[in-house]
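Each chain gets a letter, A, B and so on, in the order the sequences are listed, and its residues count up from 1.
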2 protein chains.
Amino acid sequence: MPATIHADANPNGIAHEPECSIAATLEAVGDRWTLLILRDLFRGVHRFEALHRDLGIARNLLTDRLHRLAGLGIVHRVPYQDRPIRHEYRLTTKGADLSPALVALMHWGDRWYAEDGPPTLLIHDACGTPLDQAVSCPECNETVTPHHIRSRPGPGRTIEETL
Amino acid sequence: MPATIHADANPNGIAHEPECSIAATLEAVGDRWTLLILRDLFRGVHRFEALHRDLGIARNLLTDRLHRLAGLGIVHRVPYQDRPIRHEYRLTTKGADLSPALVALMHWGDRWYAEDGPPTLLIHDACGTPLDQAVSCPECNETVTPHHIRSRPGPGRTIEETL
DNA sequence: GCAGTCCGTTGCAAAACGAAACGGACCCGG
DNA sequence: CCGGGTCCGTTTCGTTTTGCAACGGACTGC
């Protein structure tokens, strides 16, 4: 039996109730473009025009997504000139905190779709070594594979549907 | 400056060319429902009717997504009865390999949207300890934060646009 | 036969998306 | 001052994707 990542039966409101954190996350960033926009922000592409060019996203959608991300506190608008007052978009702590998720998505793509090897390597700035990502047990000090991951209701679970 | 997760300028074909593994991954599983379906598969919900009930997804979409996932080799259809021959959907290795991504997305939701604490805890089956996930450097034997992540073109990058 | 289960399809309206034109605020060279 | 060029949106409109709910098929069990 594979990893049990438990969750609930309600694909709704964003911080609307504690039900499933995966659903909550996808509510915030789980549309066709948002994670790509965030990828570009990590990558150093911060301005509207540059994002538009780089992603090929429709301008109206880009406007919408950027405002939405700002509203969610994932991104903030930093003025880089006045006069035609212009802002660039930068990750907040909350946004930067999505880094592990992007890393995980990238690793999966590397593994299953990069026939000629990864198009991009993530390396340690200090030593240049390609990085790993792993789930680990702080108690046992060992890496845990999906098969050894179990789940149980946490403190935030409402007392309903034990399923 | 936050983590640099570099990527390309083309949000296209799935295994269509090596450009950006994040885009490739999102091409495969980056729509509104797919990751939630996968979450349920991890969680032990394997049948059409159960997925439909649990997720509230439209039946036509569920059909479509499951077939798509099967086509991509992320899921396979296992007969569990003949006669009205019926299949259940199970993760392949490729599908199970998305575990780290789901874990990362869940952690982020836990951190930013679970006011009363995580609705679900992932624990080590051997000892019951809540698990961590981290990016680490195999050389330095230390955890690497987003700020210390750099990126560089890997072997799979086509020789174009140095940006 | 008749109800119930399970999976999937169909038809249609609503929502999201994509492309491209348009508008505003500016800078610059002539 | 005028005609470009840049940068950031907004608007319009046609195409896709969703969501919803009814329907159909293949059984089982009573």
Roughly, in whole Å, what's the span from [atom1] in [X] to [atom2] in [N]?
X: B/D64; N: D/dC20; atom1: CG; atom2: P; result: 16 Å
X: B/L66; N: C/dC6; atom1: CG; atom2: P; result: 16 Å
X: A/E49; N: D/dC7; atom1: CD; atom2: C1'; result: 5 Å
X: B/I57; N: D/dA21; atom1: CD1; atom2: P; result: 15 Å
X: B/R32; N: C/dA15; atom1: CZ; atom2: P; result: 12 Å
X: A/R53; N: D/dC7; atom1: CZ; atom2: C1'; result: 9 Å
X: B/E88; N: C/dT5; atom1: CD; atom2: C1'; result: 16 Å
X: B/L51; N: C/dC7; atom1: CG; atom2: C1'; result: 12 Å

Where do B/C137 and A/C127 come nearest, in terms of heavy atoms and distance?
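Of all heavy-atom pairs spanning B/C137 and A/C127, the closest is SG-SG, 3.4 Å.
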
Parallel, tilted or perpendicular: which describes the rings of B/W112 and B/W108, with under 30° parallel and over 60° perpendicular?
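Judged by the thresholds at 30° and 60°, the geometry between B/W112 and B/W108 is tilted.
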
Dump the pairs, protein N or O against N or O of nucleotides 25-27 of chain C, anything under 3.5 Å, distances to one decimal.
unit_1	atom_1	unit_2	atom_2	d
C/dA25	O3'	A/R83	O	3.1
C/dC26	OP1	A/R83	O	2.3

Between [N] and [X], is there an OP1 or OP2 to side-chain N/O distance shorter than 4.0 Å?
X: B/Y89; N: C/dG8; value: yes
X: A/W33; N: C/dG18; value: yes
X: B/Y80; N: C/dC7; value: yes

Between the side chains of [Y] and [X], is the shortest nitrogen-to-carboxylate-oxygen separation below 4.0 Å, so that they form an ion pair?
X: B/R59; Y: B/E49; result: yes
X: B/K94; Y: B/D97; result: no
X: B/E88; Y: B/R90; result: yes
X: A/D31; Y: A/R65; result: yes

Minimum-distance nucleotide (side-chain atoms of [X] versus [options]):
X: A/R65; options: C/dC17, C/dT10, C/dC7; value: C/dC17
X: A/N60; options: D/dG19, C/dG8, C/dA19; value: C/dA19
X: B/D31; options: D/dT10, C/dC7, D/dT18; value: D/dT18
X: A/R59; options: D/dG9, C/dC7, C/dC17; value: D/dG9
X: A/R77; options: D/dG9, D/dT18, C/dC17; value: D/dG9
X: B/A58; options: D/dG19, C/dC6, C/dG18; value: D/dG19

Listing, residues 73-85 of chain A side-chain donor-acceptor contacts under 3.5 Å, not counting sequence neighbours, or none:
unit_1	atom_1	unit_2	atom_2	d
A/R77	NH1	A/Y89	OH	3.1
A/R77	NH2	A/H87	ND1	3.1
A/Q81	NE2	A/P84	O	3.0

